[in-house]
Amino acid sequence: MKSINESHNPALLSWVESANVEDCDFPLQNLPACRFSAAGRQAVGLGIGDFVFDASGYFETHQELGLSGITIESALSCGERAEFQRLLGTDTDSETREEIENRFLYPMNEVEYFLPFDIRDYTDFYCSIYHATNVGRIFRPDNPLLPNYRYVPIGYHGRASSIVITGTDVIRPKGQNRSDTENPPVFIPSRALDYEMEVGFYVGRGNDLGTTIPISEAEDHILGLSLVNDWSARDVQGWEAQPLGPFLGKNFATTVAPFVVSMDALAPFRVPAFDRGDEPAPLEYLSDPDNEKAGGIDLNLEVLIQTEKMREGGVDPHLLSRSNLKDLYWTVAQMLTHHASNGCNLQTGDLIASGTVSGKEDDQRACLLEITKRGKEPVELPNGEIRRFLEDGDEIIMRGFCEREGYRRIGFGECRGKILPSI
């Protein structure tokens, strides 16, 4: 687990002035990594203020500095982050600053982003006990939380090929619908399209097939965190999920944010794991004193919606929910350790997501299935529109940030996606 060090010093400032603004997502203390394209080339970049620094391009030009061949993995390592902070900090000499400004610094809104990794595998967990309970109450009022939940980090294997970068439009999927239980199912566009506010993490160092990853070493295998929207067709999912679980209701699209925030940058925002009180303690292979003490992450999450009518009328996006990653029942370390506990071989670039991050309160419900109670209690938007589930033209905007007195705010940027009609 990463510890607080000089890289978190709030007094550190950048010569990139926008990085020093109080509520900036990407101050010098953050420097999240991404893959992007600008000036006709693809590169590994770092978010700094309102810009992306072409880290791979700079060090390829300056191989004498010993950091040529920058990858996302190396960009998120502690040692190289220190070098990046030096280059982008106020102590940088004027010649270096001028070269970076003129050749290796691009406005964020002028670059094209790509998936951070060539993702070969994707697993989605179900780690919010509040989400699991809320959903359980909808479908099983008398038995909302199944007994295995308190012992097993529940997950399913998602579809890596349909993971898309923020800003990619999502086509409304078709599937079998049996809302009329008196008749056979029909194959139609989904009528209950939903989002899920999630946080994902990327695997760095993997493990060999047949081996495991002790929980005490789990975070050494995690490169960093990113925002994830696990789109869900609830009507398709509800009909197909018995007896094997999620399939076509989930695998048509998953949207990820472009930036990956390093575990090092998150060190000041670690908190204890979920307080289980009188509930069963995790089994031994999922138990660790350090994880219990600081396995949680105090990450604020927001979901907003902007409909087509709102955009046309100049109405700002409407806040649907606020929640926090610290409320997860299972930590990121427990997810990773459990995933490999049967000898499953994780690989560099694998994406593992948390499942919907909902909190205890009503305004912390992080998907429309929970918010509207399966459509029975629709949301009224500021312009008078109502939503039970998503309509064509709706755009979902997800944001995340960490705050703590005495440290700079660390942001995750945005994860966006707009719904297009079925084809």
(Q) I'd like to know if the side chain of Thr337 reaches the main chain of Ala333, judged simply by a donor and an acceptor atom lying under 3.5 Å from each other, with no hydrogens or angles considered. (A) yes
Q: Taking Arg140 for its side chain and Pro144 for its backbone only, find out whether a donor-acceptor pair lies under 3.5 Å.
A: yes
Q. Are side-chain heavy atoms of Val256 and Thr166 found at a separation under 4.5 Å?
A. no
**Q.** Derivation of the side chain to side chain contact (heavy atoms under 4.5 Å, CB included) call for Ser226 and Phe201
**A.** CA-CA 6 Å; Ser226 188; Phe201 62 87; over 6 Å; no
Q. How many angstroms lie between OH in Tyr58 and CG in Leu88, if you round to the nearest 0.5 Å?
A. 9.5 Å
Q | Modelled atom types, side-chain donor and acceptor of Ser74 and Thr71, under 3.5 Å | A | yes
(Q) Measuring from atom CD1 of Ile305 to atom CD1 of Ile396, what distance do you get when rounded to the nearest 0.5 angstrom? (A) 4.5 Å
Q. Under 4.5 Å between any side-chain heavy atoms of Val379 and Thr372, yes or no?
A. yes
Q) Name the one of Glu279, Lys360, Arg276 that satisfies side chain to side chain contact (heavy atoms under 4.5 Å, CB included) with Ile129? A) Glu279
**Q.** Interatomic distance, Ile419 atom CD1 to Glu391 atom CD [nearest 0.5 angstrom]
**A.** 10.5 Å
(Q) Could you check whether Asp180 and Asn183, counting side-chain N and O atoms only, form a donor-acceptor pair closer than 3.5 Å? (A) yes
Q. Taking the six-membered ring for Trp, are Phe84 and Phe53 parallel (under 30°), tilted (30 to 60°) or perpendicular (over 60°)?
A. perpendicular
Q) Looking at Arg387, Arg311, Arg416, which hits salt bridge (Lys or Arg N to Asp or Glu O under 4.0 Å) with Asp394? A) Arg387
Q: State, with a plain yes or no, whether a side-chain heavy atom of Leu390 is found less than 4.5 Å away from one of Trp231.
A: yes
Q) With sequence neighbours left out, what residues match Lys373 under side-chain contact (heavy atoms from CB on, under 4.5 Å)? A) Arg365, Glu377
**Q.** N/O donor-acceptor pair under 3.5 Å between Glu198 side chain and Val357 backbone
**A.** no
Q) Does some side-chain heavy atom of Tyr329 sit less than 4.5 Å from a side-chain heavy atom of Ser128? A) no
Q. Do Ile397 and Val303 touch side chain to side chain, with heavy atoms closer than 4.5 Å?
A. no
Q. Atom CD1 of Ile222 and atom CG of Leu346: how far apart are they, to the nearest 0.5 Å?
A. 10.0 Å
Q.
Check the orientation of Tyr126 and Tyr149. Use parallel for under 30°, tilted for 30 to 60°, and perpendicular for over 60°.
A. perpendicular
Q. Is the Phe26 ring parallel, tilted or perpendicular to the Phe259 ring (thresholds 30°, 60°)?
A. tilted
Q. For Gly89, does its backbone N or O pair with a side-chain atom of Ser14 as donor and acceptor, under 3.5 Å?
A. no
Q) Do any pairs count as a salt bridge (charged side-chain N to carboxylate O under 4.0 Å, His left out) and have a residue in residues 241-257, sequence neighbours left out, and if so which ones? A) Glu196-Lys250, Asp230-Lys250
Q. Below 6.0 angstrom between ring centroids: does that apply to Tyr113 and Phe36?
A. no
(Q) Would Arg409 and Phe401 count as a cation-pi pair here, with the cationic atom under 6.0 angstrom from the ring centre and within 45° of the axis? (A) yes
Q: Report the distance from atom NE2 of His8 to atom CG of Asn30, rounding to the nearest 0.5 Å.
A: 9.5 Å
Q. Does one side chain, of Asp235 or Asn177, offer a donor that lies under 3.5 Å from an acceptor on the other?
A. yes
Q. So, the side chain of Asp50 versus the backbone of Ser18: is there a donor-acceptor pair under 3.5 Å, distance only?
A. no
**Q.** Straight-line distance of Ile386 CD1 to Glu380 CD, nearest 0.5 Å
**A.** 8.0 Å
**Q.** Pairwise side-chain contact, Asn9 with Arg408, heavy-atom cut-off 4.5 Å (strictly under)
**A.** no
Q. Under a 4.5 Å cut-off applied to non-hydrogen side-chain atoms, are Ser262 and Leu31 in contact?
A. no
Q: Flag the pair Val52 / Leu46 as yes when at least one side-chain heavy-atom distance between them is below 4.5 Å, and no otherwise.
A: no
Q | Side chain Ser321, main chain Asp363, donor-acceptor under 3.5 Å | A | no
Q: Using a strict cut-off of less than 4.0 Å between a Lys/Arg side-chain nitrogen and an Asp/Glu carboxylate oxygen, indicate whether Asp298 and Arg404 qualify as a salt bridge.
A: no
(Q) Is it the case that the side chains of His157 and Asp121 hold a donor-acceptor pair, with the cut-off being a distance below 3.5 Å and no angle test? (A) yes
Q) Any ion pair linking Arg41 and Asp54 (charged N to carboxylate O, less than 4.0 Å)? A) yes
Q) Any Lys/Arg nitrogen of Arg205 or Glu217 sitting under 4.0 Å from an Asp/Glu carboxylate oxygen of the other? A) no
Q) Can you tell which of Val164, Leu351, Ile165 makes a side chain to side chain contact (heavy atoms under 4.5 Å, CB included) with Leu115? A) Ile165
Q: Let me see the working for Asp362 and Ile371 under side chain to side chain contact (heavy atoms under 4.5 Å, CB included), right down to the final yes or no.
A: CA-CA 7 Å; Asp362 287 350; Ile371 293 172; over 6 Å; no
Q: Please answer whether the main-chain N or O of Pro185 pairs with a side-chain N or O of Arg178 as donor and acceptor at a distance below 3.5 Å.
A: no
Q: From the options Asn300, Leu299, Val271, select the one residue that forms a side chain to side chain contact (heavy atoms under 4.5 Å, CB included) with Lys326.
A: Val271
Q: Mark yes or no for whether Thr255, through its side chain, and Asn229, through its backbone, hold a donor-acceptor pair below 3.5 Å.
A: no
**Q.** Distance-only side-chain donor-acceptor flag, Ser7 / Gln85, under 3.5 Å
**A.** no
Q.
Under a 3.5 Å cutoff, is there a donor and acceptor pairing between the side chains of Arg322 and Gln364?
A. no
Q: Using atom types as modelled and distance alone, determine if a side-chain donor or acceptor of Ser56 lies under 3.5 Å from a backbone N or O of Val44.
A: yes
Q. So Glu112 and Arg35, salt bridge (charged side-chain N to carboxylate O under 4.0 Å, His left out) or not? Walk me through it.
A. CA-CA 9 Å; Glu112 179 183 2; Arg35 289 204 304 187; over 6 Å; no
Q) Does one side chain, of His318 or Gln306, offer a donor that lies under 3.5 Å from an acceptor on the other? A) no
Q: List the steps and the verdict of side chain to side chain contact (heavy atoms under 4.5 Å, CB included) for Leu105 and Val16.
A: CA-CA 10 Å; Leu105 206 63; Val16 180; 4.1 Å; yes
Q.
Per the salt bridge (charged side-chain N to carboxylate O under 4.0 Å, His left out) rule, what does the pair list look like for residues 256-275, sequence neighbours excluded?
A. Arg81-Asp264, Glu219-Arg270
Q. Have Thr331 and Asn291 got a donor and an acceptor in their side chains that come within less than 3.5 Å?
A. yes
Q: Return yes if some donor-acceptor pair links the side-chain N/O of Thr348 with the main-chain N/O of Gly204 below 3.5 Å, else return no.
A: yes
(Q) Ring-plane angle category for Phe125 and His339, please: parallel below 30°, perpendicular beyond 60°, tilted otherwise. (A) perpendicular
Q) Please walk me through it: do Asp392 and Arg172 pass salt bridge (charged side-chain N to carboxylate O under 4.0 Å, His left out)? A) CA-CA 8 Å; Asp392 294 342; Arg172 180 177 297 273; 2.7 Å; yes
